[in-house]
A.B. asks: 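The structure that follows is given in the form of structure tokens.
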Amino acid sequence: MALINKKQLEKLKQKAGDLLNRSIDQHVTLAVTGLSRSGKTAFITSMVNQLLNEGSNSQLSFFNVVHQGRYIAAKRVPQKHLHIPRFEYDGAMNALCQSPAKWPEPTNGISELRIAIRYQPKESLLKYATEAATLYIDITDYPGEWLLDLPMLSQTYEEWSQQMAALLKQSPRAEKAQSFIEKLKTFDPFAPVDENVLAQLSQEYTQLLLHYRHNLGLSVIQPGRFILPGELEDAPILQFFPFVDFDNIDGNDYQNANDDCYIGMLRARYIEYKERVIRRFYKEHFVNFDRQIVLADCLTPLNNGSESFDDLQNAMAMIMKSFQYGQSSLLSRLFSPKIDRLLFAATKADHVTPEQHHNLVSLLNKLVYQTKQVLNFDTIKMKTLALASVKATKVGKSHYQGKDIPVIQGRQLSNDKKITLFPGTVPAAIPNAEYWQQQAFNYITFAPAESANIDECLSHLRMDQVLQFLLGDKLK
Ligand SMILES: Nc1nc2c(ncn2[C@@H]2O[C@H](COP(=O)(O)OP(=O)(O)OP(=O)(O)O)[C@@H](O)[C@H]2O)c(=O)[nH]1
Ligand SMILES: [Mg+2]
């Protein structure tokens, strides 16, 4: 028998190692969502930053692979889908690290980024044959507003219009909606279509939605693509609106209406939107996600008042429907259960003093689990926590009326001045009338801290717990 020399043996070992390495490479598809301004970009930037710069000022004690010294390194690799925009990590980091530091720009639509983590497997049998393994993570950023469209799939145009009309006629939406509603009352739904009129009215409806979201801080916005159109900007598929006067038209005439009259065309576009936009998103993206984090900014609606908070509550219930597998045949046909971990995070927790974090999580729990009795999450592991992706404040104590009270300190975004304050208490449950009368919460927008360095880890709250929950089991 020919003896193999040491060099050949090394080569063979290397080959075996390569083969095994390849076979234990793993993939996770992680989806990050939340309503606009909830903190998605800041979150993904921080997550990628923590992974890339681990070892340089990192604070990841609850991320086991790091804690156990098995984390080797991470790097960005080319993303999976070439037709999806790349997540702008460098732009976001540049903004956070410039002087004065800035928050990353608002984003619009879906984006993607892939990271490869090299690590030492722990109790794997393969441990003797391989030095390291790789976990690939595909991170997708998509607007939470897109999930708010899901209920439309089970509604006809008439049902949806009735529901939207009811919302538009109530406070706080009614005031601004009045002129739009009046216009629709004088509009003949059976007249031949003039595309320009449809475009004009759709534009007015979109302006209303933008006002509700950005000026009134409301969360229930349908159709979600109207305020975040992505690549569909100006496409006729986004040119429809709810007809608010169904009570005054004849049911038979409506059923028989063709696409060449307004109401027929509105119905046709609504149906097209459901098929081509909503259903397509679920088929092309949602079904492929393994893990999901839903970010919620509970503090801004708390600051805005009870109507804004009620709306967040409704929006959360609508978002939960996307994860409600196996309940209705419509949904189970649309996507088979693949997501096995679902994390809900209350963002911007550095806006409140640490002893309020417990209440913040408890409040988020109330929002998430409000419909728990009708949901079946047997196959999904869920968690809620409070985090700050990029910590902008410091915590301290202040002496006030003979007592030490906890305070936070940061630079106010609006005027760049240093401010120290006790922002108020966070209610542990859905706030009651008494809470709103006290107007107990004071939300100040802070500028990011000045000390960030491009190749160091950003300061955060609980990003390590997030990483452990979302990836820990894949890095054993
Ligand atoms: N203090 C603090 N503020 C944060 C944090 N994360 C986000 N913010 C604030 O929230 C704003 C929105 O954050 P983004 O990360 O841009 O939110 P987004 O969900 O990506 O927003 P869109 O892309 O516009 O939908 C930022 O500009 C900050 O003012 C955080 O961890 N701490
Ligand atoms: Mg963004």
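Note that the numbering runs from 1 along the sequence shown for the chain. Only this structure's heavy atoms are used, side chains among them; waters, hydrogens and symmetry mates stay out.
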A.B. asks: Answer with yes or no after comparing the ring centroid distance for Phe226 and Phe240 against a 6.0 Å cut-off, counting only values under it.
C.D. replies: yes

A.B. asks: Crowded around Glu105 CD? As in, over 12 foreign heavy atoms under 6.0 Å?
C.D. replies: no

A.B. asks: Considering only distance and modelled atom types, tabulate donor-acceptor pairs under 3.5 Å from the side chains of residues 387-404, sequence neighbours left out.
C.D. replies:
from	atom 1	to	atom 2	distance (Å)
Thr393	OG1	Asp350	O	2.7
His399	ND1	Asp404	OD1	3.0

A.B. asks: Can we say Lys176 and Glu204 salt-bridge, meaning some charged N sits less than 4.0 Å from an Asp/Glu carboxylate O?
C.D. replies: no

A.B. asks: Would the distance check show the side chain of Asp149 and the main-chain N or O of Gly224 forming a donor-acceptor pair, the cut-off being under 3.5 Å?
C.D. replies: yes

A.B. asks: For the atom pair CZ (Phe344) and CD1 (Ile319), what is the distance rounded to the nearest 0.5 Å?
C.D. replies: 8.0 Å

A.B. asks: Assess the residue pair Val277 and Ile237 against the criterion (side-chain contact (heavy atoms from CB on, under 4.5 Å)); give the C-alpha distance rounded to whole Å, side-chain angles, the decisive distance to 0.1 Å, and a yes or no.
C.D. replies: CA-CA 9 Å; Val277 179; Ile237 201 166; 4.0 Å; yes

A.B. asks: Hey, are Arg267 and Glu158 close enough for a salt bridge, meaning a charged N less than 4.0 Å from a carboxylate O?
C.D. replies: no

A.B. asks: Run the ring-centre check on Tyr262 versus Phe190 and record whether the distance is less than 6.0 Å.
C.D. replies: no

A.B. asks: Does Ser306 use its side chain to pair, donor to acceptor, with the backbone of Trp436 at less than 3.5 Å?
C.D. replies: no

A.B. asks: Side-chain contact, heavy-atom cut-off 4.5 Å: Tyr270 with Gln155?
C.D. replies: yes

A.B. asks: Please work out which of the three classes, parallel, tilted or perpendicular, describes the rings of Phe243 and Phe246, given edges at 30° and 60°.
C.D. replies: perpendicular

A.B. asks: Look up atom CG in Leu96 and atom CG in Asn49, then write down how far apart they are to the nearest 0.5 Å.
C.D. replies: 8.5 Å

A.B. asks: Is there a side-chain contact between Ile408 and Pro423 in this structure, where contact means two heavy atoms from C-beta onward sitting under 4.5 Å apart?
C.D. replies: yes

A.B. asks: As an exercise, state the distance from CG of Leu153 to CD1 of Ile278, rounded to the nearest 0.5 Å.
C.D. replies: 4.5 Å

A.B. asks: Tell me if the centroids of the rings in Phe446 and His351 come within less than 6.0 Å of each other.
C.D. replies: yes

A.B. asks: Please test Met47 against Leu471 for side-chain contact (heavy atoms from CB on, under 4.5 Å), starting from the C-alpha separation and ending with a verdict.
C.D. replies: CA-CA 12 Å; Met47 176 167 177; Leu471 306 175; 4.2 Å; yes

A.B. asks: What I want to check is whether the side chains of Thr384 and Asn365 have a donor and an acceptor closer together than 3.5 Å.
C.D. replies: yes

A.B. asks: Using the six-membered ring wherever Trp is involved, compare the ring planes of Tyr205 and Trp160 and label them parallel, tilted or perpendicular (cut-offs 30° and 60°).
C.D. replies: perpendicular

A.B. asks: Would you say the side chain of Ile110 lies within less than 4.5 Å of the side chain of Trp146, judging by non-hydrogen atoms?
C.D. replies: yes

A.B. asks: Test side-chain contact (heavy atoms from CB on, under 4.5 Å) on Phe469 and Arg341 and set out the steps.
C.D. replies: CA-CA 8 Å; Phe469 179 77; Arg341 284 182 182 229; 3.9 Å; yes

A.B. asks: More than 12 non-hydrogen atoms from neighbouring residues, nucleotides or ligands closer than 6.0 Å to NE2 on His211, yes or no?
C.D. replies: yes

A.B. asks: Counting heavy atoms not belonging to Phe62, are there more than 12 under 6.0 Å from its CZ?
C.D. replies: no

A.B. asks: Salt bridge between Asp340 and Arg291, side-chain N to carboxylate O under 4.0 Å?
C.D. replies: yes

A.B. asks: In terms of side-chain heavy atoms, does Ser111 have a donor or acceptor partner in Arg86 at a distance below 3.5 Å?
C.D. replies: no

A.B. asks: Of all heavy-atom pairs between Lys283 and Asn288, which one has the smallest distance, and what is that distance?
C.D. replies: O-ND2, 4.4 Å

A.B. asks: If you take all heavy atoms of Ala345 and Leu364, which pair is closest and at what distance?
C.D. replies: C-CD2, 3.8 Å

A.B. asks: Would you find a donor on one side and an acceptor on the other, under 3.5 Å apart, between the side chain of Lys40 and the backbone of Gly34?
C.D. replies: yes

A.B. asks: Are the side chains of Asp138 and Val28 in touch, meaning some heavy atoms are under 4.5 Å apart?
C.D. replies: no

A.B. asks: Applying side-chain contact (heavy atoms from CB on, under 4.5 Å), run through Leu312 and Leu367 and close with a yes or a no.
C.D. replies: CA-CA 8 Å; Leu312 172 69; Leu367 287 172; 3.9 Å; yes

A.B. asks: When rounded to the nearest 0.5 angstrom, what is the spacing between OG1 in Thr33 and CG in Asp141?
C.D. replies: 7.5 Å

A.B. asks: Between Asp311 and Asn314, do the side chains contain an N or O donor and an N or O acceptor separated by less than 3.5 Å?
C.D. replies: no

A.B. asks: Just wondering, do Leu201 and Leu184 contact through their side chains at under 4.5 Å, heavy atoms?
C.D. replies: yes

A.B. asks: Consider only side-chain N and O atoms of Ser202 and Gln239, and report whether a donor and an acceptor are under 3.5 Å apart.
C.D. replies: no

A.B. asks: For a 4.5 angstrom cut-off between non-hydrogen side-chain atoms, does Lys417 reach Arg411?
C.D. replies: no

A.B. asks: Mind running salt bridge (charged side-chain N to carboxylate O under 4.0 Å, His left out) on Glu450 and Lys102 for me, showing each step along the way?
C.D. replies: CA-CA 9 Å; Glu450 279 299 336; Lys102 288 209 175 96; over 6 Å; no

A.B. asks: Determine the minimum heavy-atom distance between Pro427 and Leu363, stating which atoms define it.
C.D. replies: O-CB, 3.5 Å

A.B. asks: Taking atom CD of Gln412 as the centre, report whether more than 12 heavy atoms of other residues, nucleotides or ligands fall under 6.0 Å from it.
C.D. replies: yes

A.B. asks: Look up atom CG in Asp464 and atom CZ in Phe63, then write down how far apart they are to the nearest 0.5 Å.
C.D. replies: 9.0 Å

A.B. asks: Which value, rounded to the nearest 0.5 Å, describes the distance between Leu467 atom CG and Leu475 atom CG?
C.D. replies: 9.0 Å

A.B. asks: Kindly assign one of parallel, tilted or perpendicular to the pair Phe286 and Phe289, based on the angle between their ring planes and the thresholds 30° and 60°.
C.D. replies: perpendicular

A.B. asks: Using modelled atom types and a 3.5 Å cut-off, is there a donor and acceptor pairing between side-chain atoms of His285 and backbone atoms of Thr140?
C.D. replies: no

A.B. asks: Is the closest side-chain heavy-atom distance between Leu302 and Tyr443 below 4.5 Å?
C.D. replies: no

A.B. asks: Whether the side chain of Ser161 engages the backbone of Pro242 through a donor-acceptor N/O pair (distance < 3.5 Å, no angle test) should be reported.
C.D. replies: no

A.B. asks: Can a donor-acceptor pair be found, under 3.5 Å and without considering hydrogens, that links the side chain of Glu159 to the backbone of Thr156?
C.D. replies: yes

A.B. asks: Kindly say whether Pro151 contributes a backbone atom to a donor-acceptor pair with the side chain of Ser154 at under 3.5 angstrom?
C.D. replies: yes

A.B. asks: Which heavy atom of Glu456 sits nearest a heavy atom of Asn53, and at what distance?
C.D. replies: O-ND2, 3.5 Å

A.B. asks: For His357 and Arg462, test the side chains for any donor-to-acceptor distance below 3.5 angstrom and give the result as yes or no.
C.D. replies: yes

A.B. asks: With Arg225 as the cation and Tyr273 as the aromatic partner, state whether NZ or CZ is under 6.0 Å from the six-membered ring centre and within 45° of the axis.
C.D. replies: no

A.B. asks: Does one side chain, of Ser171 or Glu307, offer a donor that lies under 3.5 Å from an acceptor on the other?
C.D. replies: yes

A.B. asks: Between Asp297 and Lys348, is there a side-chain N and carboxylate O pair less than 4.0 Å apart?
C.D. replies: yes

A.B. asks: Short question: side chain of Gln50, backbone of Leu458 - any donor-acceptor pair under 3.5 Å?
C.D. replies: yes

A.B. asks: For Ser308 and Gly305, indicate whether the former's side chain and the latter's backbone hold a donor-acceptor pair under 3.5 Å.
C.D. replies: no

A.B. asks: Kindly say whether Leu167 contributes a backbone atom to a donor-acceptor pair with the side chain of Arg173 at under 3.5 angstrom?
C.D. replies: no

A.B. asks: May I ask you to test the Asp310-Ile430 pair for a side-chain heavy-atom distance under 4.5 Å?
C.D. replies: no

A.B. asks: Is it the case that Thr41 and Thr107 place a side-chain donor and acceptor less than 3.5 Å from each other?
C.D. replies: yes

A.B. asks: Any chance the side chains of Ser322 and Tyr282 put a donor and an acceptor closer than 3.5 Å?
C.D. replies: yes

A.B. asks: A quick test of your reading: do over 12 heavy atoms of other residues, nucleotides or ligands sit less than 6.0 Å from NE2 of His358?
C.D. replies: no

